[in-house]
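Okay, structure first, notes after.
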Amino acid sequence: MTTEQMQQLVGTRLAPYIQIATYLIGKSREGGGNMFRHQLDTMSILIDYGYIDPVLLKASLVHDVLEDIPEFNHNIMLSIDFESHAVYNLVLEVTRKPGESKPDFLLRISDCGSDMAKILKVADRISNMISLGFVNNLPFVERYINETERYLLPLAAKVDYNMNRELTDLVSSRRKYLEDFRNLSSKK
């Protein structure tokens, strides 16, 4: 990370967005872990890949709040700082609309999403795939891997070579996990 990038991070006010993310504390995820930590993990993945845009980082911290806390008052998010409206709009881009199927949602981001929405969705999926290593619901894991291969790998290939490589490696390692688990089960 360059000195200029570090300076930009120093000036980024993340604490109010982390405070909003705390609404997700205690909310578990089917894919493992809890929702609050997932928000922080997603932000960490972005920083790890050199993404330091303040709007992107702030949105990563609250990207699941609107979808997972239906009673959340979005005006709280809109009143934080001068970037609040851009953060909110980015969060809306990566939020499933009522009645929207998962494939339609992922295709919408891939086909019509902003560059930041695509990058955020790929970082989100990397975090989700890492968590899959701790999930024992094999049909869920298999469905999630298939969905990642079909929708997220092509998206990742569009936005970031290195993120695509990590996601590809995660798909491969999770497939091996499924295979190993099935082999163990069949020997019993």
Side-chain angles (χ1 to χ4, degrees), residues 1-2 4-6 8-9 12 14 17 21 29-35 37-64 67-68 86-87 89-97 100-135 137-181:
M1 184 171 287
T2 68
E4 185 180 314
Q5 288 173 316
M6 285 191 281
Q8 187 175 354
L9 276 176
T12 301
L14 298 174
Y17 293 92
R29 305 169 64 220
E30 189 173 5
N34 75 55
M35 291 304 295
R37 280 184 258 147
H38 167 63
Q39 309 306 289
L40 297 173
D41 291 344
T42 301
M43 184 188 69
S44 297
I45 289 164
L46 289 167
I47 293 170
D48 187 37
Y49 281 105
Y51 293 102
I52 57 165
D53 179 272
V55 170
L56 180 61
L57 295 180
K58 291 171 182 181
S60 71
L61 288 168
V62 295
H63 73 273
D64 285 321
E67 192 171 311
D68 291 342
V87 170
N89 288 332
L90 181 53
V91 169
L92 285 177
E93 272 193 88
V94 297
T95 298
R96 270 174 76 178
K97 298 176 186 325
E100 186 175 38
S101 71
K102 190 77 172 273
D104 287 345
F105 163 65
L106 295 172
L107 288 171
R108 175 175 53 83
I109 293 172
S110 182
D111 296 343
C112 306
S114 67
D115 289 344
M116 284 205 291
K118 292 172 183 176
I119 291 164
L120 178 52
K121 190 61 200 165
V122 172
D124 173 52
R125 186 52 65 114
I126 289 171
S127 173
N128 291 337
M129 290 294 289
I130 290 168
S131 296
L132 275 187
F134 305 99
V135 178
N137 179 343
L138 297 187
F140 174 82
V141 172
E142 186 161 32
R143 186 175 71 250
Y144 211 77
I145 293 169
N146 292 338
E147 180 182 278
T148 301
E149 280 183 317
R150 181 165 184 194
Y151 300 105
L152 275 296
L153 286 179
L155 177 58
K158 291 180 193 178
V159 298
D160 189 296
Y161 171 81
N162 290 313
M163 290 174 89
N164 183 54
R165 205 172 81 216
E166 180 174 2
L167 200 52
T168 300
D169 290 346
L170 284 164
V171 165
S172 177
S173 70
R174 298 318 179 239
R175 284 241 180 262
K176 182 163 180 8
Y177 161 79
L178 276 176
E179 181 184 318
D180 291 348
F181 195 87

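As a basis for the values below, the full set of heavy atoms in this structure was taken, side chains included, without hydrogen atoms, waters or symmetry mates.
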Side chains of Leu120 and Leu90: does their closest heavy-atom pair fall under 4.5 Å? yes
Please examine the side chains of Lys121 and Tyr151, heavy atoms only from C-beta on, and report whether any two atoms are closer than 4.5 Å. no
Under 3.5 Å donor-acceptor, Ser127 side chain and Ala123 backbone: no
Lys58 and Thr12: side chain donor to acceptor below 3.5 Å: no
Report the distance from atom CZ of Arg143 to atom CG of Asn137, rounding to the nearest 0.5 Å. 7.0 Å
Are any non-hydrogen side-chain atoms of Arg125 and Met163 less than 4.5 angstrom apart? no
On a heavy-atom basis, the closest approach of Glu93 and Ala117 is OE1-CB, 3.4 Å
Quick check for you: to the nearest 0.5 Å, what is the distance between Leu40 atom CG and Ile45 atom CD1? 11.0 Å
Given side-chain contact (heavy atoms from CB on, under 4.5 Å), test Asp124 with Val94 step by step and report yes or no. CA-CA 10 Å; Asp124 173 52; Val94 297; over 6 Å; no
State the CG-CD distance between Leu178 and Glu142, to the nearest 0.5 angstrom. 5.5 Å
So, Arg174 side chain and Met129 main chain: donor-acceptor pair closer than 3.5 Å or not? yes
Any side-chain heavy-atom pair of Asp160 and Tyr51 under 4.5 Å: yes
Taking all atoms of both residues into account, what is the closest heavy-atom pair of Lys118 and Ile109, and its distance? CE-O, 3.3 Å
Flag the pair Asp41 / Ile130 as yes when at least one side-chain heavy-atom distance between them is below 4.5 Å, and no otherwise. no
Give, for atom CG of Asp53 and atom OG of Ser60, the distance between the pair rounded to the nearest 0.5 Å. 10.5 Å
Within a strict 4.5 Å, meaning less than it, do heavy atoms of the Asn128 and His38 side chains meet? yes
Quick one: salt bridge (charged side-chain N to carboxylate O under 4.0 Å, His left out) partners of Lys176, sequence neighbours excluded? Asp180
For the CG atom of Leu153 and the CG atom of Leu167, what is their distance to the nearest 0.5 Å? 5.0 Å
Please name the pair of heavy atoms, one in Thr95 and one in Arg108, separated by the smallest distance, quoted to 0.1 Å. O-NH2, 3.0 Å
So do the side chains of Leu106 and Lys102 get within less than 4.5 Å of each other, counting heavy atoms only? yes
Going by the rule ring pair (Phe, Tyr, Trp, His ring centres under 6.0 Å), which residues pair with Tyr144 if we only count those two or more places apart in sequence or in a different chain? Phe140
Rounded to the nearest 0.5 Å, how far does CG of Asp111 lie from NZ of Lys158? 5.5 Å
Without swapping roles, check the side chain of Glu166 against the backbone of Ile126 for a donor-acceptor pair under 3.5 Å. no
Quick one, Gln39 and Asp64 - any side-chain contact, counting heavy atoms below 4.5 Å? yes
Can you list the residues that meet the salt bridge (charged side-chain N to carboxylate O under 4.0 Å, His left out) rule with Arg175, with sequence neighbours excluded? Glu149
